Amino acid sequence: MKKIVQFCILVVLFISITGCAGMSDTNQRLLTGSAGGAAGGAAIGAIAGSAGMGAAIGAGAGLLGGFLADQHKKSEDRAYQKGYQAGQQKR
């Protein structure tokens, strides 16, 4: 049973990594967070006795983390662009 769970996790990670080519930055961050959270949650859940529940909780937490990271990156990009435009106007 443990090997089946590990194989499924590897397949999901492989598909998520190779399937990111045509995605937006936001989608990539959300998917990466979800996949990482699911893998970590499954590992912790396997130790605690329920890999499936751990993976589900981890995926949700990872999705939230990916969303927050995306919002932070967008905020940085907006601040950079605002500063760049202000610098160009002073010339």
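All figures in this text were calculated on a predicted structure; none of them were measured in a lab. The first residue of the sequence shown is numbered 1, and numbering continues consecutively from there.
When hydrophobic residues (I, L, V, M, F, W, Y) are linked wherever their side-chain heavy atoms come within less than 4.5 Å, the members clustered with M53 are I57. Hydrophobic cluster of L63: the remaining members, joined at side-chain heavy-atom separations below 4.5 Å, are L30, L64, F67, L68, listed by chain and number.
In this structure, the side chains of D25 and K74 stay at 4.5 Å or more apart for every pair of heavy atoms.
Legend: residues meeting salt bridge (charged side-chain N to carboxylate O under 4.0 Å, His left out) with D77, ordered by chain and number and at least two apart, are K73.
Going from atom CD of Q89 over to atom OH of Y84 covers 11.5 Å, rounded to the nearest 0.5 Å.
With hydrogens and angles ignored, the 3.5 Å screen pairs no side-chain donor or acceptor of S75 with any backbone N or O of Q71.
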